[in-house]
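As structure tokens, the structure follows; a few thoughts come after it.
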Amino acid sequence: MTHSEYDEYRPPEPPRRRRGGRGAGPGGKGKRRRDLTESGGDGSREMAMVEDVEFESYYGRPVVKAPPWETPIGIYLFVGGLAGASGLLQAGAALTGNTELRRSARLVAIAAVGVGTPALVIDLGRPERFLHMMRVFKVSSPMSLGTWILSSYASGAAMTAANEVDRLTGERLPFGPLRPLLRLAEGPSAVLQGVMGAPLAAYTAVLLGDTAVPTWNAARHGLPFVFVSSASLAAGGMAMALTSQKNAGPARLLAAAGVIGDIVGMHFTKSRMHPLESEPLEEGTPGKLLTWAERLAVAGGIGTLLARRSRTVAVASGLALAGASALTRFGVLHAGHESVKDPRRVMIPQKDRLEKRRAAGITDDSITTGW
Amino acid sequence: MGLLSGPEENPAADSGWGHDHARKGFFTDTSICIGCKACEVACKEWNRNPQDGDLKILGSSYDNTGSLGANTWRHVAFVEQKKDRIEEARESGRKLVSLGMPTIGPRSGAAAPGGRAGEDFTGVDTTPPDTPEFRWLMSSDVCKHCTHAGCLDVCPTGALFRTEFGTVVVQSDICNGCGTCVGGCPFGVIERRDDGTVSPKEDRGRVQQEVPNKGTANKCTLCYDRLVEGEEPACAKTCPTTSIKFGDRSDMVEQAHERVAQLHAQGMTEARLYGANPEDGVGGTGSVFLLLDEPEVYGLPPDPQVPTADLPHMYRTAAVAMGGMLVATALAFLGGRR
Ligand code: SF4
Ligand code: SF4
């Protein structure tokens with residue numbers, strides 16, 4: 001029998017990885033599995049190939065996957081909301097004969113759609129197949145509904161904006177004989193843009209809620225409120241910045257309402273979530289983004305109260321509000337991505353709800369069965 | 001159109017297939033899996049799936065595949081367990097039985113014929129792995145081909161569809177890679193195949209691999225191309241232990257029930273089924289599993305719910321929010337005319 005130096009070799013035991021304490025919510029039973037190498041020190045038994053593993057997961061690997069939605073989608077969430085609420089503002093301004101506000105809102109809307117649509121397309125794995133979205137109209141798919149909402153909104157917004165720009169440039173755009181038609185279409189387009197405005201602002205919340213990503217899915221009870229509020233404060237803010245104080249009254253009020261809705265909505269949303277699901281909204285980078293979103297929203301909200309007197313304040317708080325909305329969207333987007341990284345955020349809330357149902361006497365709906 | 005949740009007898013017929021085709025499915029009996037990974041290889045070869053990752057040792061027992069994804073449609077999980085953990089599994093399994101329908105066989109471990117719970121191998125040096133002293137759990141995971149498939153429900157292009165076999169398949173020439181399905185799957189199965197799956201550095205000196213269907217979502221098709229020819233899926237065909245069984249889904253479920261009863265009769269109360277319950281959060285899965293511990297040990301979610309089951313409620317919430325937005329705008333204009 002030959003001996004080599006490796007016969008004596010046992011790898012040094014690394015310090016045990018513990019992930020217990022963090023976020024020990026109601027279900028944070030930090031059950032630790034005893035290590036396989038603890039017994040059989042003579043090396044004659046089976047030696048574990050792996051070190052201590054949390055039993056709530058498979059080597060700490062993610063259980064669900066987050067959609068590959070990166071920065072362009074964050075931008076889209078922001079500008080989509082901005083466009084949506086601007087659609088309502090322009091409709092209201094048109095109805096009340098507030099020409100200046102109407103123009104601002106329409107220009108913001110077309111700029112937002114102009115940024116948002118390409119952002120949406122770029123993020124596709126196969127951008128050249130964007131139009132495949134138009135093959136079907138599928139109620140069970142918020143993405144499908146959203147595509148139809150966006151495209152009808154965008155066609156309305158393009159018409160109203162074309163009219164505004166045409167008037168702004170003293171009818172110098174080369175529309176020729178089509179100009180009367182363009183004017184004729186303005187009213188119906190404004191209606192279309194107005195009608196599609198709220199759905200455009202709200203559907204993205206359903207899009208995120210309708211996933212298995214724990215933080216998004218758990219936020220589904222409140223996220224629509226956050227998103228429409230965030231849209232309102234952004235659109236109100238931008239319109240307020242671009243409109244003279246005299247005509248910006250409705251924009252200021254909408255922005256102020258949005259700030260209140262945004263802050264209340266976010267707290268309501270979190271209150272309905274398992275601690276492990278809401279944590280990503282409060283910790284790390286997404287947590288920071290959302291904290292700053294709230295600060296900017298409050299600052300901008302206070303600004304709306306003073307913006308009547310000073311255009312500078314109006315512009316500054318308008319930008320603060322737009323920034324708040326963008327940060328909110330990026331914060332929520334990244335919190336979702338963060339939440340899939342730790343399998344406990346999937347496993348423990350699920351085990352808890354299963355336990356709760358069992359405790360309530362519902363024992364027939366588990367995916368795991370003993371018979 | 002199919003239902004969003006709840007038991008559903010025939011998802012294919014409800015999706016518009018006019019005829020009565022038997023729903024096909026897998027029964028993966030992990031109690032006889034030997035971890036040879038032949039299924040992984042057969043799947044890769046038949047479906048021409050490109051390399052996944054960097055061919056690194058992952059430090060997770062014999063599992064260096066990692067997880068299911070765009071390029072990995074069968075994934076063999078390896079878990080190492082010691083006696084105390086096995087006992088816990090046995091106990092949790094026993095509890096499950098008492099929750100359900102206690103019908104078949106003696107369930108108590110040591111008392112059962114061939115029962116192994118009472119055996120004591122302490123002090124014996126040549127302990128074989130598959131005893132209560134130590135065990136490997138091996139399980140070949142795959143797309144569940146859910147009755148209520150989240151991926152399919154949320155796909156905006158119609159690329160994902162329900163086949164005549166009741167399975168869920170992506171049409172790679174339709175998919176535009178929007179990625180919605182990735183978030184829709186409660187099991188983390190489907191994934192978008194990105195160009196970056198093969199790292200260029202590791203690739204040096206090797207033949208550059210052809211990556212088909214870049215940028216589209218990919219997952220197990222239950223070998224749709226083989227099924228239409230009357231063949232069985234590559235993984236089931238190759239599995240040397242019949243751990244992966246393929247057939248009519250109803251037969252698979254029946255076999256699963258029989259097998260779990262058999263194991264319980266032998267005292268292996270740790271055995272349990274995963275996906276055989278039509279009342280569960282996805283309406284039962286097309287791929288049924290027999291597990292020897294709690295699902296989370298294998299990286300399977302313990303209470304998956306198809307997100308679309310709650311979609312009507314989400315639409316209602318959104319409608320309320322939109323109403324609030326309209327009212328706020330109207331009030332802003334009423335109050336803002338000062
Ligand atoms: S397991 Fe996931 S990918 Fe497979 S059918 Fe169900 S939802 Fe779709
Ligand atoms: S990535 Fe492809 S299969 Fe998945 S939802 Fe989008 S279009 Fe459908």
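The sequence lines fix the lettering, A, B, ..., with proteins before strands; numbering per chain opens at 1. Keep in mind that this is a model prediction, so the values were computed, not measured.
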statement: Counting heavy-atom pairs under 4.5 angstrom with chain A, the leader among Ala309(B), Pro186(B), Gly281(B), Gly299(B) is Gly299(B)

- line: Answer key: most heavy-atom pairs under 4.5 Å with chain A among Pro301(B), Ala217(B), Pro307(B), Gly69(B) is Pro307(B)

task: Pick one of side chain, backbone, both or neither for Val306(B), based on which atoms fall under 4.5 Å of a heavy atom in chain A.
output: neither

message: Using a 4.5 angstrom heavy-atom cutoff, name the option from Thr216(B), Asp310(B), Leu326(B) with the most pairs to chain A.
response: Asp310(B)

message: I'd like to know if Glu270(B) and Arg90(B) make a salt bridge, using a cut-off of under 4.0 Å between side-chain N and carboxylate O.
response: yes

statement: Applying a strict 4.5 Å limit to non-hydrogen atoms, the region of Ala255(A) in contact with chain B is neither

- prompt: With only heavy atoms counted, which part of Asn217(A) is less than 4.5 Å from chain B, the side chain, the backbone, both or neither?
  reply: side chain

Heavy-atom donor-acceptor pair, Ser92(B) side chain to Ala89(B) backbone, under 3.5 Å: yes

Pair Arg61(A), Ser60(B): side-chain N/O donor-acceptor within cut-off below 3.5 Å: yes

field: Main-chain N/O of Phe227(A) paired with Ser230(A) side-chain donor or acceptor, under 3.5 Å
entry: no

- prompt: Which region of Leu300(B), side chain (C-beta onward) or backbone (N, CA, C, O), has a non-hydrogen atom less than 4.5 Å from a non-hydrogen atom of chain A, or is it both or neither?
  reply: backbone

message: Can a donor-acceptor pair be found, under 3.5 Å and without considering hydrogens, that links the side chain of His132(A) to the backbone of Ile174(B)?
response: yes

query: Non-hydrogen atoms of chain B under 4.5 Å away: do they reach the side chain of Pro199(A), the backbone, both or neither?
result: both

query: By a 4.5 Å heavy-atom criterion (distance strictly below it), what part of Tyr203(A) contacts chain B: side chain, backbone, both, or neither?
result: neither

- prompt: Is it the side chain or the backbone of Leu89(A) that comes within 4.5 Å of chain B heavy atoms, both, or neither?
  reply: both

Verdict with reasoning, Glu191(B) to Asn218(B), per side chain to side chain donor-acceptor pair (under 3.5 Å): CA-CA 6 Å; Glu191(B) 191 181 31; Asn218(B) 283 270; over 6 Å; no

- request: Measure from the side-chain N and O atoms of Arg135(A) to the backbone N and O of Thr157(B), and report whether any donor-acceptor pair falls under 3.5 Å.
  value: yes

message: Check this for me: does any side-chain nitrogen of one of Lys138(A) and Asp153(B) sit under 4.0 Å from a carboxylate oxygen of the other?
response: no

message: Using a 4.5 angstrom heavy-atom cutoff, name the option from Glu128(A), Arg129(A), Arg358(A) with the most pairs to chain B.
response: Arg129(A)

field: Among Lys351(A), Gln350(A), Arg353(A), the one residue meeting side-chain hydrogen bond (donor to acceptor under 3.5 Å, both in side chains) with Asp303(B)
entry: Arg353(A)

task: Sort out for me which of Gly265(A), Gly194(A), Ala66(A), Ala93(A) touches chain B most, counting heavy-atom pairs under 4.5 Å.
output: Ala93(A)

query: Under a 4.5 Å heavy-atom cut-off, does chain A meet the side chain of Pro295(B), its backbone, both or neither?
result: side chain

query: Quick one: do the Arg308(A) and Gln245(A) side chains pair a donor with an acceptor below 3.5 Å?
result: no

message: At a 4.5 Å cut-off on heavy atoms, which part of Cys185(B) comes close to chain A: side chain, backbone, both, or neither?
response: backbone

task: Name the region of Leu207(A), side chain, backbone, both or neither, that has any atom closer than 4.5 Å to a heavy atom of chain B.
output: side chain

query: Considering only heavy atoms, which portion of Ala205(A) lies under 4.5 Å from any heavy atom of chain B: side chain, backbone, both, or neither?
result: neither

Atom group of Asp141(B) that falls short of 4.5 Å from chain A, counting heavy atoms: neither

query: For the side chain of His264(B) and the backbone of Ala271(B), is there at least one donor-acceptor N/O pair under 3.5 Å apart?
result: yes

message: At a 4.5 Å cut-off on heavy atoms, which part of Gln305(B) comes close to chain A: side chain, backbone, both, or neither?
response: both

- prompt: Any salt bridge between Asp84(B) and Lys82(B), counting N to O under 4.0 Å?
  reply: no

Side chain / backbone / both / neither for Leu273(B) at chain A, heavy atoms under 4.5 Å: both

- prompt: Between Ala257(A), Pro142(A), Ser232(A), which has the largest tally of heavy atom pairs under 4.5 Å with chain B?
  reply: Pro142(A)

statement: So, the part of Pro304(B) with a heavy atom under 4.5 Å from chain A: the answer is both

statement: Heaviest contributor of heavy-atom pairs below 4.5 Å to chain B, chosen from Pro224(A), Gly258(A), Ser366(A), is Pro224(A)

Top contributor to chain A contacts, counting heavy-atom pairs under 4.5 Å, from Asn176(B), Leu291(B), Leu152(B): Asn176(B)

- request: Let me know if Ala251(A) has heavy atoms under 4.5 Å from chain B in its side chain, its backbone, both or neither.
  value: neither

task: Step by step, work out the side chain to side chain donor-acceptor pair (under 3.5 Å) result for Arg102(A) and Gln90(A).
output: CA-CA 4 Å; Arg102(A) 185 194 69 200; Gln90(A) 67 81 27; over 6 Å; no

query: Salt-bridged, Arg357(A) to Asp365(A), with N to O below 4.0 Å?
result: yes

- line: Residue from Pro156(B), Gly150(B), Gly177(B), Gly188(B) scoring the most non-hydrogen pairs under 4.5 Å with chain A is Pro156(B)

query: chain A heavy atoms under 4.5 Å from Phe187(B): which part of the residue, side chain, backbone, both or neither?
result: both

message: For Val139(A), which atoms come within 4.5 Å of any heavy atom of chain B: side chain, backbone, both, or neither?
response: both

message: Please check: side-chain N/O of Trp69(A) versus main-chain N/O of Cys178(B), any donor-acceptor pairing under 3.5 Å?
response: yes

- request: Select one option (side chain, backbone, both, neither) describing which atoms of Thr147(A) are under 4.5 Å from chain B's heavy atoms.
  value: neither

query: Which atoms of Leu131(A) come close to chain B, meaning under 4.5 Å heavy atom to heavy atom: side chain ones, backbone ones, both, or neither?
result: neither

task: Look at the aromatic rings of His75(B) and Tyr58(A) and report parallel, tilted or perpendicular, splitting at 30° and 60°.
output: perpendicular

- request: For the pair Val213(A) and Leu208(A), evaluate side chain to side chain contact (heavy atoms under 4.5 Å, CB included) and give the outcome as yes or no after the intermediate values.
  value: CA-CA 8 Å; Val213(A) 174; Leu208(A) 298 187; over 6 Å; no

message: Shorter than 4.5 Å, heavy atoms on both sides: which option in Pro278(B), Gly179(B), Gly93(B) has the most such pairs with chain A?
response: Gly179(B)

